[in-house]
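Quick notes on the structure that follows.
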Amino acid sequence: ILSVVTTASETPVKATISQIDNRPEVTASYNGKALEAVTYNGTTNYNGTITLTLTGVADGDVVMVSGTAALASKNAGATKVVITNLVLAGADAYKYRLKTEKVEIDITVNALQLTIGQATVADKTYDGTTTANVTAGALQNVADGDSVTVTASGVFDSKDVASATKVTVTYTIAGDDAANYIAPVASEVAKTISKAGATVTAKAATKQEGAADPELKYDVTGLVEGDALTGALARDKGEAAGEYNITIGTLANSNYEITFTGAKLTITAKPAEDKPAEDKGCFGVVGAASVAVFAVAVAAVAVVCKRKED
């Protein structure tokens, strides 16, 4: 429609050109099943195939619709696929005009599982805990431009030297984009615990001949708080007066390599007055006696006992 406004002199003052599109409208929509989740890749790109439905096309007409699909958000979680730049195509597309500007479809973006290089586990000396000193490997599949860091922690399968065989390493991630990722899967590293050192110093002891042995005591350093040694010290055999070595005996703890410093058990002689009296000599003085075999007749007997001279 062309409208022309003129003056009496027939000089054009204003012209307005407008076009009325009387073609029937069609609308585009998505009526398919729920879209499969996608995995985070650091972009809003969507590479799936979506088929839209056109409503308002006459039977027999060939009309299709196409557009550009992208995620509303790149981040993990619930979002939408947004289809824009919609255009009609097909042999009969010219007959219709498209009313729909965009189509939005629900979709889920799953967090990306991170992979990581081999962790380094330091050698360990027994300390009474299962804690391991671990250094994480390098993250291997973080999207370009994303900020993600990783820390590792490790736990031995036992705190004891005899039964510790491996360390289980677990990972924690942080950073501005960490919510878009899943921490690396835990791993295991073969590792053992070596014995700690402890020092035992025996204390000197004494006793008197014939007396029971005293408790053999000692000082110990190097044990973890709460740990103790089992068993007891021992000494060389003998009960006569003299010095006897005090030895480590059965004193032990399987988590420690013990350095032992011995001492002496001194047995002192028993004082003379405490010794049993020796046999006394007894003899009789007989006077005016008549002696026969197996019979003694004594007229007068004086019995004298005296200490035997040393």
Side-chain angles (χ1 to χ4, degrees), residues 23-119 134 136-155 168-189:
R23 293 177 300 169
E25 289 182 337
V26 292
T27 57
S29 61
Y30 179 73
N31 300 318
K33 63 181 181 180
L35 297 180
E36 290 186 4
V38 296
T39 300
Y40 175 82
N41 63 9
T43 74
T44 57
N45 295 340
Y46 179 77
N47 298 319
T49 299
I50 297 175
T51 301
L52 297 180
T53 300
L54 285 173
T55 302
V57 177
D59 291 344
D61 281 357
V62 178
V63 184
M64 298 168 289
V65 64
S66 63
T68 303
L71 299 173
S73 170
K74 72 171 186 175
N75 294 322
T79 187
K80 294 180 182 294
V81 173
V82 182
I83 305 172
T84 57
N85 301 321
L86 295 170
V87 293
L88 297 176
D92 299 298
Y94 70 95
K95 300 177 182 178
Y96 301 91
R97 59 189 177 93
L98 182 60
K99 181 179 180 180
T100 308
E101 294 182 356
K102 65 180 179 179
V103 175
E104 295 183 340
I105 310 167
D106 291 335
I107 195 170
T108 298
V109 178
N110 290 333
L112 175 63
Q113 175 70 64
L114 286 172
T115 57
I116 194 169
Q118 179 68 50
V134 178
L139 291 174
Q140 297 173 333
N141 57 336
V142 176
D144 290 343
D146 277 2
S147 174
V148 183
T149 59
V150 63
T151 55
S153 59
V155 177
T168 299
V169 181
T170 55
Y171 301 95
T172 303
I173 56 175
D176 293 342
D177 300 294
N180 294 314
Y181 295 90
I182 300 171
V185 175
S187 60
E188 291 182 348
V189 179

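- Looking only at side-chain heavy atoms (C-beta outward), V189 and Q118 come within less than 4.5 Å of each other.
- Side chains of K95 and D61 form a contact here, defined as non-hydrogen atoms less than 4.5 Å apart.
- Atom CG of residue N180 and atom OG of residue S147 lie 11.5 Å apart, to the nearest 0.5 angstrom.
- Under 3.5 Å, the side chains of T68 and T84 contain no donor-acceptor pair of N or O atoms.
- Counting heavy atoms from C-beta outward, Y46 and I105 have side chains that stay 4.5 Å or more apart.
- Here the OG1 atom belonging to T27 is positioned 13.0 Å from the CD atom belonging to E101, to the nearest 0.5 angstrom.
- Side-chain contact annotation: N141 with Y181, donor-acceptor N/O pair under 3.5 Å absent.
- The neighbour count for E36 CD, taken as heavy atoms of other residues, nucleotides or ligands under 6.0 Å away, does not exceed 12.
- Exactly one of N45, T43, T44 qualifies for a side-chain hydrogen bond (donor to acceptor under 3.5 Å, both in side chains) with N41. That residue is T43.
- Heavy-atom minimum distance, V82 versus A72: CG2-CB, 4.0 Å.
- Put simply, the side chain of V109 reaches to within 4.5 Å of the side chain of L71, judged on heavy atoms.
- The closest side-chain heavy-atom distance from D92 to V57 is not below 4.5 Å.
- Residues forming a salt bridge (charged side-chain N to carboxylate O under 4.0 Å, His left out) with D177 (at least two apart in sequence, or on another chain): none.
- In this structure, the separation between OG on S187 and CD1 on I116 is 8.0 Å, given to the nearest 0.5 Å.
- Using a 4.5 Å heavy-atom cutoff, the side chains of E25 and T100 are not in contact.
- Considering all non-hydrogen atoms of both residues, Y96 and L88 come closest at O-CD1, 3.8 Å.
- For the pair V134 and S153, the tightest heavy-atom approach, listed with the atom from each and the gap, is CG2-C, 4.2 Å.
- Rounding to the nearest 0.5 Å gives a distance of 13.5 Å between CG of N110 and OH of Y40.
- For Y171, there are no ring pair (Phe, Tyr, Trp, His ring centres under 6.0 Å) partners, not counting sequence neighbours.
- When every heavy atom of A111 is checked against every heavy atom of A179, the shortest pair comes out as CB-O, 4.3 Å.
- Between I182 and I173, the shortest heavy-atom distance links the atoms C-CD1, 4.1 Å.
- Side-chain contact between Y30 and T53 is absent, with no heavy atoms from C-beta onward closer than 4.5 Å.
- At least one side-chain heavy atom of V103 sits less than 4.5 Å from a side-chain heavy atom of L86.
- Remark: L114 CG to L139 CG distance equals 5.5 Å, nearest 0.5 Å.
- The distance from atom CD1 of I107 to atom OG1 of T79, rounded to the nearest 0.5 Å, is 8.5 Å.
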Show the numbers, then the answer: is there a side chain to side chain contact (heavy atoms under 4.5 Å, CB included) between T170 and V155?
CA-CA 9 Å; T170 55; V155 177; over 6 Å; no
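- Minimum interatomic distance between R97 and R23 (heavy atoms only, all atoms of both residues): NE-O, 3.1 Å.
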